[in-house]
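Only one structure is covered here, and it is reproduced in the block below.
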Amino acid sequence: MTQFTEEVLVIIKRIPYGRVMSYGQVARFAGNNRGARQVARILHSMTEKYELPWHRIINSKGRISITDARYAAIQRELLISEGVEVSEEGYVDISIYGI
DNA sequence: CTAATGACGCAGA
DNA sequence: ATCTGCGCCATTA
C-alpha cells in the first residue's frame, strides 16, 4: 500500500454525491499528475474491498471508460440513481457534474 | 533484465 | 465526434 494509493482512496471518498471526477484529476489531487493509469488500476482492484464511490470516476472526456460493458452499465445506473445525467453512450456533462 | 498491457490524457488530423 | 500516435508507469509474464 503506497502513500499515493492511500491519498487516492481518501480523495475518492471525498467526492460529493452526484458529482464526478476524472482519473487524472484524482491523480493530481493525490500529488501525481501523471498517475491516471495507476488510479484506474487501483479502482479496478479495490472497488469490492473498500466502500468507494468508484462510479464517480470517469475519464477526462467526461465519458465512462470501463471496457467491461457489464460494469460500465452498472456505473451508469449508479450515476443516474444519484441524479447525474448519463447518455446511452456513457457521456456525462462535466461542466455540470464535474468538480 | 525486456516486453506487453491498460477503468488514462493530450495533441493532431 | 472519431481515430491515431505518444507519453506515462505499476504490474504481470
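Letters go in sequence order (proteins before strands), and every chain restarts at 1.
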- Item | Proximity to the side chain of A:N59 - top-ranked nucleotide from B:dA7, B:dG9, C:dC9 | B:dG9
- Query: Which whole-number value in Å describes the distance from A:I74 CD1 to B:dA7 P?
  - Reply: 15 Å
- Message: Within a 6.0 Å radius of atom CZ on A:F29, are there more than 12 heavy atoms belonging to other residues, nucleotides or ligands?
- Response: no
- Interatomic distance, CZ@A:R14 vs CD1@A:I99, rounded to 0.5 Å, equals 13.0 Å
- Task: Looking at every strand, decide which applies to A:S22 at a 4.0 Å heavy-atom threshold: base, sugar-phosphate, or nothing.
- Result: sugar-phosphate
- Task: Take the protein atom CD1 of A:I64 and the nucleotide atom P of B:dG9, then report the distance between them rounded to whole Å.
- Result: 14 Å
- Message: Measuring from the side chain of A:L43 (C-beta onward, heavy atoms only), which nucleotide among C:dT2, B:dG6, B:dA7 has the closest atom?
- Response: B:dA7
- From C:dC9, B:dG9, B:dA7, nucleotide with atom closest to A:Q38 side chain: C:dC9
- Task: Run through A:H55, A:R70, A:R56 and flag the one making a side chain to side chain contact (heavy atoms under 4.5 Å, CB included) with A:Q75.
- Result: A:H55
- Give A:F4 one of three labels, base, sugar-phosphate or nothing, depending on what nucleic acid heavy atoms sit under 4.0 Å from its own. nothing
- Task: Rounded to the nearest angstrom, tell me the gap between atom CZ in A:R41 and atom P in C:dT12.
- Result: 8 Å
- Could you give me the CA-CA distance, side-chain angles and deciding distance for A:R63 and A:I58, then say whether side-chain contact (heavy atoms from CB on, under 4.5 Å) is met? CA-CA 6 Å; A:R63 189 182 196 184; A:I58 57 181; over 6 Å; no
- Query: Please give, in whole Å, the distance from B:dA7 C1' to A:I15 CD1?
  - Reply: 13 Å
- A:Q25 CD - B:dC10 C1' separation (whole Å): 15 Å
- Answer with base, sugar-phosphate or nothing: what part of the nucleic acid does A:R37 contact at a heavy-atom distance below 4.0 Å? base
- Query: Looking at the side chain of A:A40, which of B:dC10, C:dT2, B:dA7 is the nearest nucleotide?
  - Reply: B:dA7
- Message: Can you tell me if A:Y71 has over 12 outside heavy atoms packed within less than 6.0 Å of its OH?
- Response: no
- Would you mind reading off the distance between A:H44 atom NE2 and C:dT12 atom P, rounded to a whole angstrom? 11 Å
- Task: Could you state the atom-to-atom distance from CG of A:N33 to P of B:dG9 in whole Å?
- Result: 13 Å
- A:S60 side-chain N/O to B:dC10 phosphate OP1/OP2 under 4.0 Å: yes
- Nearest-nucleotide check on DNA chain B, A:K61 vs A:I66; residue mapping nearer the 5' end is A:I66
- Query: Any idea which of B:dG9, C:dT2, C:dA10 is nearest the A:Y23 side chain?
  - Reply: B:dG9
- Message: Distance check needed: B:dA7 P versus A:R76 CZ, whole Å only.
- Response: 20 Å
